[in-house]
Amino acid sequence: MVGGVRAVARCDELGVAPYSDAPDMLFRAYLTPAFAAAQRAIAGWMQEAGMQTRIDAAANLIGRYEGTADGPALLIGSHIDSVRDAGRYDGPLGVMLGIEAVAALHASGRRLPFPIEVIAFGDEEGSRFPAAMLTSRAVAGTLDPAMLEVEDARGLSLDEALAPFELSTLTFAQAAHAPALAYLEAHIEQGPVLESEGLAVGTVTGIAAQLRYAVMVAGVAGHAGTTTMPLRRDALTAAAEMVLAIERIARDDLSDLAATVGCLSVHPGAPNVVPGRVDFTIDIRSGDPIRRDRAAEQIIDRIADIAERRGTDFDIRRIHDLPASPCDPALMDLLDAAIAAQGQPPRRLVSGAGHDAMVMAALCPTAMLFVRCRGGTSHNPAEHVDGADAEIALQVMIDFILRLGDHVDA
Ligand code: GLV
Ligand code: MN
Ligand code: MN
């Protein structure tokens, strides 16, 4: 089996129990039993590929392939946590391709003038704790300790979730990495551009800025049969109006601005009770941080207006804020050259999705390689990548690494 095909097959293997915590779908959240099982399997594959493995203080799995010199390492990574009811390639494909790149170098007895570390990041999606990219932030050394004071939906603190891994929030920041040469992440595109142009891979120019908020709307719970309509302070109907207002603000912008309410919970959640409280999240993105921040202000103003008109209270907390992150121009050129060397037309494109690369940019220059995915579908079990495309991506990565080696030697 060629490396790219094996990378896809391994993502498929990780798509089911024991590597998923849910019996009927793929859901692998940070620090769960399925997460630990996936780490064990991936560590075995890293070792087979000639790497020494370790788990860092933030529960990232790292495989290291020594170079001929002991300078700053080339880091290759992506994440192994998933969203609920996920596809199998968002995250793991980048890790598997990193392992395959090292396996190919190892098989041909090649060492680079720098060590290579393949990192399987733990928390990129933010699907368990109300935060995201905690573990790449720890590696990049940009973690705000207040971010670690989080609980999952069952009330388990991050510190409690780390305990089975014999780790703690007190030492989490010790995952900060030594200075690195560069960070390379391969990832499915999660959009339709490459497919629509008949291209297998593309060079990412930068990643859109993100903001996330947690909103709580408080009304008054009451009897569904006796609370007359004019007297109601229904938290759900207020929240529904807010959700539509958020959509309208993003739609009317007619740019790359995107705003999403992806979680909403209704309390107490009974058919015969007027909802007294609703919690929901807002995710706002744009390649232009000013546009993103202006949209966030408009959204907050609209929420305040609606809450006032409907006699409900509200609270809004910013839980995630990442600036737009440009990729490194010299590394983009190197990636384009590696793509052209595989007989593929170089194509540059921007990423609307977030990636660990946007955090790693604080540590070192970053490069991202996008791989075509069917229909641009992602965050969905229908996600699909062709083995042939993964093989092209792998050859591009190997060529990029060799070119970087020549660059460092020169
Ligand atoms: C990560 O998948 C994100 O863009 O939310
Ligand atoms: Mn994702
Ligand atoms: Mn991802």
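In this chain, residues are counted from 1 in sequence order. Values below: all heavy atoms of this structure, side chains included; hydrogens, waters and symmetry mates excluded. Order of appearance sets the numbers: ligands from 1, and atoms from 1 within every ligand.
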Numbering as shown, the atoms of ligand 1 that approach [X] to under 4.0 Å (heavy-atom distance):
{"X": "Ala353", "value": "4 (O)"}
{"X": "His379", "value": "2 (O)"}
{"X": "Gly354", "value": "1 (C), 3 (C), 4 (O)"}
{"X": "Arg212", "value": "5 (O)"}

Shortest non-hydrogen contact from Leu156 toward Phe129: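 Reported closest heavy-atom pair: O-CE2, 3.6 Å.
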Closest approach of any protein heavy atom to atom 2 (O) of ligand 1, naming residue and atom: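 Among all protein heavy atoms, the one nearest atom 2 (O) of ligand 1 is Glu125 OE1, 3.0 Å.
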Taking atom 5 (O) of ligand 1 as the reference point, the nearest protein heavy atom with its distance: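 The answer is Arg285 NH2, 2.6 Å.
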Audit row: His79, Asp90, side chain to side chain donor-acceptor pair (under 3.5 Å) steps and yes/no: CA-CA 8 Å; His79 58 98; Asp90 170 5; 3.0 Å; yes
N, O or S of His355 under 2.8 Å from the Mn ion (ligand 3):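 Coordinating: no.
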The Mn ion (ligand 3) to nearest N/O/S of Glu125 below 2.8 Å: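 No, since none of the N, O or S atoms of Glu125 sits under 2.8 Å from the Mn ion (ligand 3).
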Donor-acceptor pair between Tyr30 and Arg128 side chains, under 3.5 angstrom: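 Not at all, the side chains of Tyr30 and Arg128 share no donor-acceptor pair under 3.5 Å.
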Donor on one side chain, acceptor on other, Thr171 and Gln174, under 3.5 Å: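 There is no such pair between these side chains.
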Candidates Asp152, Leu162, Thr135 - the one meeting side-chain contact (heavy atoms from CB on, under 4.5 Å) with Leu31: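 When side-chain contact (heavy atoms from CB on, under 4.5 Å) is applied between Leu31 and each of Asp152, Leu162, Thr135, only Leu162 qualifies.
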Whether His355 lies under 4.0 Å from ligand 1, heavy atom: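 The answer is no, since His355 has no heavy atom less than 4.0 Å from ligand 1.
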Identified side chain to side chain donor-acceptor pair (under 3.5 Å) partner of Ser78 from the options Glu185, His355, Glu124: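 The passing option is Glu185.
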Minimum side-chain heavy-atom gap Arg285-Asp256 below 4.5 Å: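 No. Closest side-chain heavy atoms not under 4.5 Å.
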Atom of Asp90 closest to the Mn ion (ligand 2), considering N, O or S atoms: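 That would be atom OD2.
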Three-point angle His187:NE2, the Mn ion (ligand 3), His79:NE2, rounded to the nearest 10°: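 My answer is 110°, to the nearest 10°.
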Row check, Tyr19 ring normal vs Arg28 NZ/CZ: under 6.0 Å, within 45°: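 No, Arg28 and Tyr19 do not form such a contact.
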N, O or S atom of His379 closer to the Mn ion (ligand 2) than 2.8 Å: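 Checking His379: at least one N, O or S atom is under 2.8 Å.
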